[in-house]
Amino acid sequence: QVHMGGAGGGSVQSGGSLRLSCAASRSTCMGWFRQAPGKEREGVATITSSGTTTYADSAKGRFTISQDNAKNTLYLQMNSLKPEDTAIYYCATGPRVFYSNGAYYCRLNGREFDYWGQGTQVTVSS
């Protein structure tokens, strides 16, 4: 059974940082997704059980996904936050990896994930 709890959200000014955490059992794929008001859910970052990461273009260079297997915790370090990062952030786990260019990776598609956390609000003000 997977327990999904998310924490670390809050309100920051543009340029600030936050670190989200999620208590989740280790899974083949783990990821962070977000949904802003009036917008569809989008993938932010994923990580395989072996540590291969995938980032949305909007997250590259600013966000870092990581996992602590000893603590069964998934993290998302977010730096240089922008107002457009404002959203509810969800952690998720799933069983499906894909193979491309010599490596396995997890897609940024929420349909590939089965278990979801309850979400944590991130608000970035200008």
Side-chain angles (χ1 to χ4, degrees):
Q1 186 174 1
V2 175
H3 167 65
M4 306 289 289
S11 297
V12 295
Q13 290 191 328
S14 181
S17 297
L18 283 173
R19 188 176 79 157
L20 305 183
S21 62
C22 173
S25 300
R26 185 177 180 182
S27 182
T28 302
C29 282
M30 304 180 78
W32 289 96
F33 296 78
R34 68 186 182 186
Q35 187 165 19
K39 294 187 177 181
E40 293 186 355
R41 182 183 62 197
E42 63 176 350
V44 176
T46 63
I47 187 169
T48 67
S49 58
S50 60
T52 300
T53 57
T54 302
Y55 293 94
D57 288 343
S58 60
K60 288 178 182 176
R62 299 190 300 128
F63 295 1
T64 302
I65 187 171
S66 62
Q67 56 190 355
D68 185 331
N69 294 324
K71 296 181 179 179
N72 286 336
T73 302
L74 179 71
Y75 300 99
L76 184 68
Q77 177 68 44
M78 304 187 293
N79 299 326
S80 302
L81 282 162
K82 305 175 182 179
E84 50 264 44
D85 295 318
T86 295
I88 299 174
Y89 284 70
Y90 300 89
C91 60
T93 63
R96 289 172 287 275
V97 288
F98 297 84
Y99 188 80
S100 178
N101 296 325
Y104 290 96
Y105 71 101
C106 302
R107 288 181 176 173
L108 290 165
N109 188 334
R111 293 190 182 94
E112 304 298 341
F113 290 77
D114 298 332
Y115 295 97
W116 294 81
Q118 77 271 28
T120 184
Q121 176 71 47
V122 171
T123 302
V124 184
S125 58
S126 58

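- Counting only heavy atoms from C-beta outward, the side chains of W32 and M78 never approach each other to under 4.5 Å.
- Minimum interatomic distance between F113 and G31 (heavy atoms only, all atoms of both residues): CE2-N, 3.8 Å.
- Using a 4.5 Å heavy-atom threshold, the side chains of R96 and C29 count as separate.
- Under a 3.5 Å cut-off, the side chain of T46 and the backbone N or O of C106 do form a donor-acceptor pair.
- Qualifying ring pair (Phe, Tyr, Trp, His ring centres under 6.0 Å) partners for Y90, counting only residues two or more places apart in sequence or in other chains: none.
- Residues passing the ring pair (Phe, Tyr, Trp, His ring centres under 6.0 Å) test with Y104, sequence neighbours excluded: Y99.
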Side-chain donor-acceptor contacts of residues 51-58 below 3.5 Å, not counting sequence neighbours, with atom names and distances?
| residue | atom | partner | partner atom | Å |
| --- | --- | --- | --- | --- |
| Y55 | OH | I65 | N | 2.9 |
| D57 | OD1 | K60 | NZ | 3.1 |
| S58 | OG | R34 | NH2 | 3.4 |

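- Between S125 and P83, the shortest heavy-atom distance links the atoms C-CG, 4.4 Å.
- Residues N72 and S25 have side chains that never bring a donor and an acceptor to within less than 3.5 angstrom of each other.
- In this structure, the side chains of E42 and L108 stay at 4.5 Å or more apart for every pair of heavy atoms.
- The side chain to side chain donor-acceptor pair (under 3.5 Å) search around S50 returns T48, not counting sequence neighbours.
- Looking only at side-chain heavy atoms (C-beta outward), T73 and S21 come within less than 4.5 Å of each other.
- Q121 and T86 get closest at one heavy-atom pair: NE2-CG2, 4.0 Å.
- Side-chain atoms of R62 and D85, non-hydrogen and from C-beta on, do get closer than 4.5 Å to each other.
- By the side-chain contact (heavy atoms from CB on, under 4.5 Å) test, K39 is found to be paired with A36, residues two or more places apart in sequence or in another chain being considered.
- Considering every non-hydrogen atom in both M30 and A24, the closest pair reads CE-CB, 3.6 Å.
- Between T93 and L74, every side-chain heavy-atom pair lies at or beyond the 4.5 Å cut-off.
- Within the 4.5 Å cutoff, side-chain heavy atoms of L76 are placed close to those of F63.
- Both I88 and W116 sit in one connected hydrophobic cluster of ILVMFWY residues. Membership requires side-chain heavy atoms under 4.5 Å apart, directly or through other members.
- Among residue pairs with one or both ends in residues 15-31, none qualify as salt bridge (Lys or Arg N to Asp or Glu O under 4.0 Å); sequence neighbours excluded.
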